[in-house]
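Ligands are counted one by one from 1 in listed order, and the atoms in each one are counted from 1 as well.
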Amino acid sequence: MTTARKPAPFITLEGGEGAGKSTQARLLADRLAAASIDCVVTREPGGSPFAEEIRELLLGGRLPAGTAARADHVAHTIAPALAAGQWVICDRFSDSTRVYQGIAGRVPKATLIELDRLVLAGLRPNLTLMFDLAPEVGLARAGARRPSGSGADPYEARDLAYHRELRDGFRTIATDEPDRCVLIDAEGTPDQVAARVWAAVAARLPEVA
Ligand code: TMP
C-alpha cells in the first residue's frame with residue numbers, strides 16, 4: 001500500500017519596499033537546507049523564464065501581463081516543485097497584487113479574486129510572512145541598496161502617503177487571515193529578523209522543529 005505524501009509547504013513573503021524580503025527568503029532557505037529540507041526560492045514579478053522575461057512590463061503593474069506571468073510561474077516553477085516534495089519560498093505573490101493593484105491601485109477586489117481563482121486553481125500559501133516596517137525606514141533601505149546613478153523605481157518614487165497605504169494594506173490582510181499570515185517586525189538587523197522568521201515558521205510548520 002502506498003501512503004500519499006503530505007504536500008510540501010508553500011511560503012510567501014510579503015511587504016512594502018525595503019522590508020528585507022529577498023534577504024530573508026535566502027536566509028530561510030539556508031536554514032531549511034541546514035535542516036535537510038529541500039526548497040526552491042522564487043519571486044514575483046518573475047519566477048519562471050517567461051515571467052522573468054516580462055518582469056519590466058510587470059513592474060508597470062499591468063494586470064493582464066501579471067496574470068499571464070503568474071499562471072506561467074505557478075505552472076512551471078511552483079506547482080512542479082511542490083509536487084516533487086520541495087518547499088517553495090516565494091518573494092511576493094498574490095497579496096502584493098491585492099495591495100499594489102487593489103488597495104493602492106484601486107482595481108476592484110472582485111476582479112483580483114476572480115483572476116486569482118482562474119490562475120491559482122486552488123493553490124494557496126500555507127504560510128505568509130508579512131514583513132512590517134515603517135515606510136520611512138524601508139524607503140531609506142531601498143535607496144541605500146540601489147546602485148549609484150540609478151533612480152528609484154516607479155513604486156519607490158511614490159510619496160509617503162502611498163507607502164503608508166501599502167503598509168496598512170498588508171497589515172489588514174494579516175489581520176483578516178490569521179490562519180495563513182504572520183506579521184513579522186522587519187525592524188532590526190537581518191539576523192534579528194531571521195530569528196523572528198524562524199520562530200514563525202517553526203510555530204506554524206512544526207515539521208521543521
Ligand atoms: P521587488 O522590489 O520586491 O522585486 O518588487 C517589485 C515591485 O513589483 C514592487 O514595487 C511591487 C510590485 N508588484 C506589484 O505591483 N504587483 C504584484 O503582483 C507583484 C508581485 C509585485
Side-chain angles (χ1 to χ4, degrees), residues 10-29 41-48 50-78 88-109 111-120 123-125 128-133 135 137-147 150-173 181 184 186 190 193 197:
F10 175 34
I11 304 174
T12 56
L13 281 62
E14 300 276 11
E17 306 298 321
K21 300 179 309 309
S22 310
T23 303
Q24 293 302 326
R26 270 197 314 276
L27 293 175
L28 177 56
V41 178
T42 185
R43 68 168 183 180
E44 287 200 357
S48 63
F50 165 72
E52 288 290 337
E53 260 183 50
I54 62 166
R55 183 174 155 93
E56 292 308 312
L57 259 186
L58 305 172
L59 288 173
R62 297 188 202 173
L63 263 188
T67 304
R70 180 161 298 144
D72 193 77
H73 182 208
V74 169
H76 292 108
T77 303
I78 298 175
V88 173
I89 301 169
C90 189
D91 180 355
R92 292 198 187 282
F93 198 61
S94 293
D95 295 319
S96 283
T97 318
R98 281 168 68 183
V99 171
Y100 281 83
Q101 278 67 53
I103 298 169
R106 314 278 184 255
V107 177
K109 191 175 175 186
T111 304
L112 298 176
I113 290 174
E114 184 57 14
L115 289 174
D116 256 5
R117 196 185 63 75
L118 292 169
V119 165
L120 302 185
L123 176 71
R124 183 175 186 260
T128 295
L129 303 166
M130 290 286 187
F131 289 82
D132 185 56
L133 188 65
V137 179
L139 289 171
R141 278 188 193 168
R145 79 180 171 208
R146 206 178 297 133
S150 65
D153 75 26
Y155 288 105
E156 288 171 18
R158 302 284 296 266
D159 65 15
L160 214 47
Y162 173 79
H163 290 282
R164 291 201 177 110
E165 202 173 358
L166 295 177
R167 183 190 198 186
D168 288 348
F170 285 115
R171 290 175 69 109
T172 300
I173 294 173
C181 302
I184 301 287
V193 180
V197 165

Answer with side chain, backbone, both or neither: which part of Arg55 has a heavy atom less than 4.0 angstrom from an atom of ligand 1? side chain
Give a yes/no on ligand 1: does Gly66 have at least one heavy atom closer than 4.0 angstrom to it? no
Arg171 vs Met130 side-chain heavy atoms within contact, under 4.5 Å: no
Distance, nearest 0.5 Å, that separates NZ of Lys21 from CZ of Arg26: 12.0 Å
Looking at Glu17 and Arg146, is any side-chain nitrogen of the basic one under 4.0 Å from a carboxylate oxygen of the acidic one? no
Please determine if Arg92 has a nitrogen or oxygen closer than 3.5 Å to a nitrogen or oxygen of ligand 1. yes
Heavy-atom pair with the smallest gap, counting every atom of Leu112 and Gly102: CD1-CA, 3.5 Å
If we ignore hydrogens and angles and just use 3.5 Å, is the side chain of Arg55 paired with the main-chain N or O of Pro45 as donor and acceptor? yes
At a 4.0 Å threshold, what atoms of ligand 1 neighbour a non-hydrogen atom of Glu17? 9 (C), 10 (O)
Exercise: identify the closest heavy-atom pair between Val41 and Ala29: CG2-CB, 3.5 Å
If the threshold is 4.0 Å, N to carboxylate O, is there a salt bridge linking Asp95 and Arg98? yes
Quick check on Arg70 - does any of its heavy atoms sit under 4.0 Å from an atom of ligand 1? yes
Could you tell me the residue and atom name of the protein heavy atom closest to atom 18 (O) of ligand 1, and the distance to it rounded to 0.1 Å? Thr97 OG1, 2.6 Å
A student checking ligand 1 against Glu44 at a 4.0 Å heavy-atom cut-off should list atoms 20 (C)
Quick test: of every protein heavy atom, which one is nearest to atom 19 (C) of ligand 1, and how far off is it to 0.1 Å? Ser96 CB, 3.6 Å
Within-shell test, Arg43 vs ligand 1, heavy atom, strictly < 4.0 Å: no
What protein heavy atom is closest to atom 16 (N) of ligand 1, reported as residue, atom name and distance in Å? Gln101 OE1, 2.8 Å
Among all the protein's non-hydrogen atoms, which is closest to atom 7 (C) of ligand 1, and how far away is it? Leu59 CD2, 3.5 Å
Using the six-membered ring of Phe93, assess whether NZ or CZ of Arg70 lies under 6.0 Å from its centre and within 45 degrees of the ring axis. yes
Checking contacts here: is it the side chain or the backbone of Glu156 that comes within 4.0 Å of ligand 1, counting heavy atoms only? Could be both or neither. neither
Just to confirm my output: which protein heavy-atom neighbour is closest to atom 12 (C) of ligand 1, and how far is it? Tyr155 CE1, 3.8 Å
Knowing that exactly one of Thr12, Leu129, Leu13 qualifies, which makes a side chain to side chain contact (heavy atoms under 4.5 Å, CB included) with Ile89? Leu13
